[in-house]
Peer 1: 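Below you'll find the structure I mean.
If you're wondering where the values come from, they're calculated on a predicted model, not measured in any experiment. Sequence lines set the chain letters: A, B, ... in the order given, protein chains first and strands last, and positions in each chain run from 1.
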Amino acid sequence: MAVEFDGGVVMGADSRTTTGAYIANRVTDKLTPIHDRIFCCRSGSAADTQAIADAVTYQLGFHSIELDEAPLVQTAASLFRDMCYRYREELMAGIIVAGWDKRRGGQVYTVPVGGMMTRQPVSVGGSGSSYIYGYVDSNYKAGMSKEECLKFTAGALTLAMERDGSSGGVVRLAVISEQGVERQVILGNQLPKFSTV
Amino acid sequence: MQVCTGQVVAFQPFKMSEELFPEPEWLSEEVKTGTTIIAVTFDGGVVLGSDSRVSAGESVVNRVMNKLSPLHDKIYCALSGSAADAQTIAEIVNYQLDVHSIEVEDDPLVCSAATLVKNISYKYKEELSAHLIVAGWDRKKGGQVYATLSGLLTRQPFAIGGSGSFYIHGFVDAEYRKNMTKRECQEFVVNALTLAMGRDGSSGGVAYVVTIDKDGAEEKCVLGNELPKFFDQ
């Protein structure tokens with residue numbers, strides 16, 4: 001998931017990759033850098049999303065050299081969208097693109113399966129996302145601070161990881177702002193606790 | 001056109017040819033209560049809540065159905081899944097509970113009602129597709145909520161069910177606290193229903209809320225414009 005705040009974005013993901021019932025990687029990093037201040041959260045087929053992310057990283061890097069300045073988050077999102085829409089029959093990829101640029105500050109764009117693109121203040125995706133729509137709808141408020149966003153994201157991911165068998169492991173967080181990128185990991189025993197969970 | 005106990009009886013106008021009066025798709029779709037239902041215990045009773053949408057395929061055939069069905073004075077059940085199956089189970093158990101309560105000359109226990117529902121759900125689990133949550137108040141154990149999904153029977157502090165329930169698992173896990181007051185419980189139920197109705201296409205309409213405590217059952221209907229609003233509205 002990813003959340004906008006004034007001055008940047010907070011992105012979070014779980015760390016489980018499964019092949020059927022087997023957990024192939026329990027410490028996956030699903031937050032992939034596309035450029036200095038643009039990251040993407042990958043969900044769906046690991047192979048598809050890795051391939052798309054690599055292709056977009058290359059295209060965006062080339063574009064940024066031609067422009068001689070940092071690329072816009074919207075550009076990155078459009079590149080993802082073009083690829084996900086063109087090859088929609090072959091791909092199974094749900095991607096959230098988030099980052100910071102000088103023109104519009106922190107932005108979150110979601111490119112779900114099928115290849116549409118839309119900007120949202122908060123976006124969740126992946127198999128565990130269904131379980132936390134209610135929590136996200138009720139707890140998100142516009143104008144949250146960076147710390148509130150981090151707490152909100154960690155809470156939402158914990159709740160999803162408890163209910164969804166395909167999500168689990170640790171919570172990986174990334175904060176992207178004008179200053180750069182700060183990454184954090186919250187281990188299993190340090191996750192927030194809820195009374196019924 | 002009448003819809004009763006989930007059966008669709010069509011009144012066909014005089015047909016000159018198939019093309020002039022094509023049969024609408026929803027007449028041949030199964031009628032389901034794609035739903036959100038929830039039941040929560042508080043100190044002294046229970047609160048049940050449901051949405052009001054009944055769909056047949058993509059059409060909404062009833063937008064004001066009350067899915068909270070009384071099984072006895074202080075025991076209600078919440079219906080979800082196939083409309084016909086759920087209503088029939090509720091009617092059968094209502095009858096069986098009446099007989100039982102006459103035999104024991106006392107109000108029935110919530111556990112008895114839940115066991116009767118579970119027996120039917122389990123025995124006919126291959127043919128039925130309905131999930132009922134049974135909740136109520138009795139003198140022995142106070143407010144209780146039982147989930148009877150496909151024939152299991154489990155008592156829980158609260159239970160959610162129906163297609164819309166997936167979207168609020170995170171919300172109820174985070175927000176539920178033990179020993180809420182009656183008022184807090186009712187707000188919790190209305191909030192949960194509103195969030196689910198906002199995300200699930202098969203849930204919607206109005207919110208029905210039933211509060212049961214030692215004094216009896218109180219039914220309330222919260223209309224669409226009175227429901228709480230969240231950030232994207």
Peer 1: Using a cut-off of under 4.5 Å for heavy-atom pairs, which of Y135(A), Y131(A), Y140(A) has the most such pairs with chain B?
Peer 2: Y131(A)
Peer 1: Which is it for Y167(B) and Y133(A) under the ring pair (Phe, Tyr, Trp, His ring centres under 6.0 Å) test, yes or no, and what are the steps along the way?
Peer 2: CA-CA 5 Å; Y167(B) 302 102; Y133(A) 275 113; 5.7 Å; yes
Peer 1: If you count the non-hydrogen atoms of other residues, nucleotides and ligands that lie under 6.0 Å from CE in M116(A), is the total more than 12?
Peer 2: yes
Peer 1: When only pairs under 4.5 Å are counted, which of A142(A), A160(A), S130(A) shares the most heavy-atom pairs with chain B?
Peer 2: S130(A)
Peer 1: So which heavy atom on G134(A) is nearest to which on L195(B), and how close?
Peer 2: O-CD1, 3.3 Å
Peer 1: Is it the case that more than 12 heavy atoms not belonging to R63(B) sit under 6.0 Å from its CZ atom?
Peer 2: no
Peer 1: Take V136(A) and R199(B), measure what side chain to side chain contact (heavy atoms under 4.5 Å, CB included) needs, and give me the verdict at the end.
Peer 2: CA-CA 11 Å; V136(A) 167; R199(B) 288 288 179 181; 5.8 Å; no
Peer 1: Please lay out, stage by stage, how L159(A) and H169(B) fare under the test side chain to side chain contact (heavy atoms under 4.5 Å, CB included).
Peer 2: CA-CA 8 Å; L159(A) 290 163; H169(B) 268 117; over 6 Å; no
Peer 1: To the closest 0.5 Å, what do you measure between CZ (F166(B)) and CG (D164(A))?
Peer 2: 11.5 Å
Peer 1: Return the minimal non-hydrogen interatomic distance between I132(A) and G170(B), and the atom names on each side.
Peer 2: CG2-CA, 4.3 Å
Peer 1: Tell me, side chain or backbone of V122(A) under 4.5 Å from chain B's heavy atoms, or both, or neither?
Peer 2: side chain
Peer 1: Could you give the distance from CG (D173(B)) to CD (E162(A)), rounded to the nearest 0.5 Å?
Peer 2: 8.0 Å
